[in-house]
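Have a look at the structure below before the remarks.
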Amino acid sequence: MIPFSKISITELEKKYIEESFINNRICGDGIFTKKCNKWFKDYCNIDNFLLTTSGTHSLELAALLAELKAGDEVLLPSYTFVSTADAILLRGAKPVFVDIDKRTFNIDANLLEEKITKKTKAIFIVHYAGIACDMDKILNIAKKYNLIVVEDAAHGVLAYYKDKPLGTLGDYGCYSFHETKNFVMGEGGAIVVKDNDKFQEAEIIREKGTNRSQFIRGQVDKYTWYEVGSSYLPSDILAALLYGQLSRSKEILQKRMLVWNNYNKRLEELEKEGKLIRPYIPDYAKHNAHMYYIVLPTEKIRDYLLQNLKNNGIEAVFHYIPLHTSPMGIKLGCKKGSLPVTEEYAYRLLRLPLFPDMSIDESNYICDKIFEILK
Ligand SMILES: Cc1ncc(COP(=O)(O)O)c(C=O)c1O
């Protein structure tokens, strides 16, 4: 069986985890959390970075910082993970789903303005597969209508829009380090906050509404309760695991890229024959080989290929079921047929196995099988 995803853990990660025990400081914001912060500062020039307990919690924190409330409307794609929409709903605001661009599966920036009303407060975008959204267009619209931009960059760690890391272009950027992502800590994430005052507020909310972070840094001699908060800081054991992954980021990215490029080269012929469509990378995007997907001519062919790959020991998988057609979407009053591109393309997409320690032989075997099955 070739699994869809497999973590790549070396002696380095194990050594750092052990060190976290020796440090005798396994709660949040310990030595390895600081090392992760410094890594993002040194390698990506990212300031105002906080590790969190998940990508989901980063989005919830962003929604709190954006002060979303009942009566506010928030634009987002329907083709995303539930957490993007949950963060909005948990604040009592209303998600307004926008169709996607069929080439990138990202929110279609050309459709944003027609969905904006007096109630619109924010846009939550998703950089699907680590391929950047059309940020200039999105940021111009946000500026024109005074909207907050939250980047769901769960897939987008170390991917870029022009020369800027994803997650650093909007007001808030949300990363995921879930075990299926490029760099893993089991469950975990991070938030990047553009505004310095909002960053201080983020530190407080993340620490149960207290200024404990300032206390730990020695800036105040006792800490106290400032506002409503929660606990969004991960254990330093998990930060140690992540720091090992970040230290190996070049190797991990290179290995993923080799597999991604091999798929892309091998499947070019099938695209020319009209049997499938390969991922589209706009000129402004530098992706991070987070995902390799193909788009089949119909749902029926997609399902046929999926089943036959499975029969050959290959775990290919589909992805999001459009949120607006889910039971929750229907409860929210969304209508089937309202987002035609999302509804068609979600059912034509198939993701192929991709993980750092996957061999070129394995990806060649998968391509051979795709050729055979689609014949
Ligand atoms: C687009 C998107 N946003 C958010 C999340 C949530 O991240 P996490 O699993 O770290 O909570 C995911 C998870 O896969 C995702 O794909």
Side-chain angles (χ1 to χ4, degrees), residues 28-29 32-68 74 76 80-81 83-84 87-88 106 122-128 130-133 135-136 138-139 142 147-178 181-185 187-207 213 229-230 232-234 238-239 242-243 245-246 249 285-288 290:
D29 282 344
F32 281 102
T33 303
K34 288 196 188 91
K35 283 182 190 282
C36 291
N37 295 347
K38 187 169 177 326
W39 192 92
F40 275 94
K41 169 76 187 146
D42 292 349
Y43 289 90
C44 311
N45 204 19
I46 297 181
D47 282 313
N48 292 359
F49 174 96
L50 290 171
L51 280 189
T52 65
T53 29
S54 65
T56 302
H57 281 165
S58 299
L59 287 159
E60 287 180 21
L61 188 47
L64 275 160
L65 293 163
E67 297 175 48
L68 297 184
V74 180
L76 77 161
T80 182
F81 194 56
S83 303
T84 327
I88 297 161
N106 285 335
I123 312 174
F124 278 43
I125 53 156
V126 180
H127 302 291
Y128 185 70
I131 298 167
C133 291
M135 290 310 293
D136 279 348
I138 292 167
L139 293 173
L147 305 176
I148 295 161
V149 175
V150 176
E151 294 176 73
D152 181 337
H155 305 175
V157 180
L158 296 197
Y160 293 81
Y161 175 78
K162 296 182 181 168
D163 57 346
K164 295 213 171 92
L166 302 188
T168 65
L169 293 119
D171 297 286
Y172 305 101
C174 302
Y175 294 145
S176 170
F177 301 115
H178 181 262
K181 301 300 188 292
N182 283 19
F183 311 106
V184 306
M185 57 190 286
E187 299 282 354
I191 187 167
V192 181
V193 181
K194 184 163 267 169
D195 179 80
N196 288 334
D197 290 340
K198 281 286 175 191
F199 177 67
Q200 282 183 16
E201 195 182 332
E203 271 195 337
I204 288 173
I205 294 174
R206 177 173 167 271
E207 262 284 20
S213 301
S230 190
Y232 291 134
L233 66 172
L238 294 180
L242 180 64
Y243 187 63
Q245 293 269 290
L246 296 174
S249 66
K286 186 172 164 223
H287 73 93
N288 57 358
H290 174 57

Summary of side-chain hydrogen bond (donor to acceptor under 3.5 Å, both in side chains) pairs that have at least one residue in residues 54-65, sequence neighbours excluded: T52-S58, T53-H57, T56-S83, E60-Y232
Is there side-chain contact between L51 and F32, with at least one heavy-atom pair below 4.5 Å? no
So do the side chains of F199 and L50 get within less than 4.5 Å of each other, counting heavy atoms only? yes
Would you say that Y161 contacts I138 through its side chain, given a criterion of any heavy-atom pair below 4.5 Å between the two side chains? no
To the nearest 0.5 Å, tell me how far Y243 OH sits from T33 OG1. 12.0 Å
Which atoms form the tightest heavy-atom contact between I148 and A66, and what is the distance? CD1-O, 3.6 Å
For the backbone of I131 and the side chain of N106, can you confirm whether one donor and one acceptor N or O come within less than 3.5 Å of each other? yes
Quick one: does N182's side chain have a donor or acceptor within less than 3.5 Å of a partner on N288's backbone? yes
Quick check for you: to the nearest 0.5 Å, what is the distance between L59 atom CG and L76 atom CG? 10.5 Å
Atom OG of S213 and atom CG of L233: how far apart are they, to the nearest 0.5 Å? 7.5 Å
Once salt bridge (Lys or Arg N to Asp or Glu O under 4.0 Å) is applied, what residue pairs with a partner in residues 147-159 remain, sequence neighbours excluded? none
Just how far is it from atom OH of Y43 to atom NZ of K38, taken to the nearest 0.5 Å? 8.0 Å
Tell me every residue that passes salt bridge (charged side-chain N to carboxylate O under 4.0 Å, His left out) with E187, counting only those two or more places apart in sequence or in another chain. none
Rounded to the nearest 0.5 Å, how far does CG of L61 lie from CD of E203? 11.0 Å
Does K194 have any salt bridge (charged side-chain N to carboxylate O under 4.0 Å, His left out) partners at least two apart in sequence or in another chain, and if so, which? none
Which pairs count as side-chain hydrogen bond (donor to acceptor under 3.5 Å, both in side chains) when at least one residue sits in residues 166-178, sequence neighbours excluded? H178-T180
Are the side chain of N48 and the backbone of V192 linked by a donor-acceptor contact shorter than 3.5 Å? no
Can you find a pair of side-chain heavy atoms, one from C44 and one from F49, that are under 4.5 Å apart? no
Closest approach of L166 to Y160 (non-hydrogen atoms, all atoms of both residues): CD2-C, 3.7 Å
Can Q245 and V157 be said to form a side-chain contact (heavy atoms from CB on, under 4.5 Å), step by step? CA-CA 12 Å; Q245 293 269 290; V157 180; over 6 Å; no
Do V149 and L139 have side chains that approach each other closer than 4.5 Å (heavy atoms only, starting at C-beta)? yes
Just so I know, are the side chains of I205 and L65 near enough to count as touching, which here means a heavy-atom distance under 4.5 Å? yes
Chi angles and distances behind the side-chain contact (heavy atoms from CB on, under 4.5 Å) call for D136, K162: CA-CA 10 Å; D136 279 348; K162 296 182 181 168; 2.4 Å; yes
Heavy atoms only: give me the nearest C174-V150 pair and the separation to one decimal. SG-CG1, 4.2 Å
Show your reasoning for whether side-chain contact (heavy atoms from CB on, under 4.5 Å) applies to F81 and V126. CA-CA 9 Å; F81 194 56; V126 180; over 6 Å; no
Rounded to the nearest 0.5 Å, what's the gap from CE on M185 to CG on L242? Could you check? 5.5 Å
Are there over 12 heavy-atom neighbours, none belonging to K41, within less than 6.0 Å of that residue's NZ? yes
Heavy-atom pair with the smallest gap, counting every atom of R206 and P234: NH2-CD, 4.2 Å
With a 4.5 Å cut-off on side-chain heavy atoms, are V193 and E201 touching? no
Of all heavy-atom pairs between A142 and I123, which one has the smallest distance, and what is that distance? CB-CD1, 4.5 Å
Who passes side chain to side chain contact (heavy atoms under 4.5 Å, CB included) against D195, sequence neighbours left out? D197, K198
Flag side-chain contact, heavy atom, 4.5 Å: L158 against F183: yes
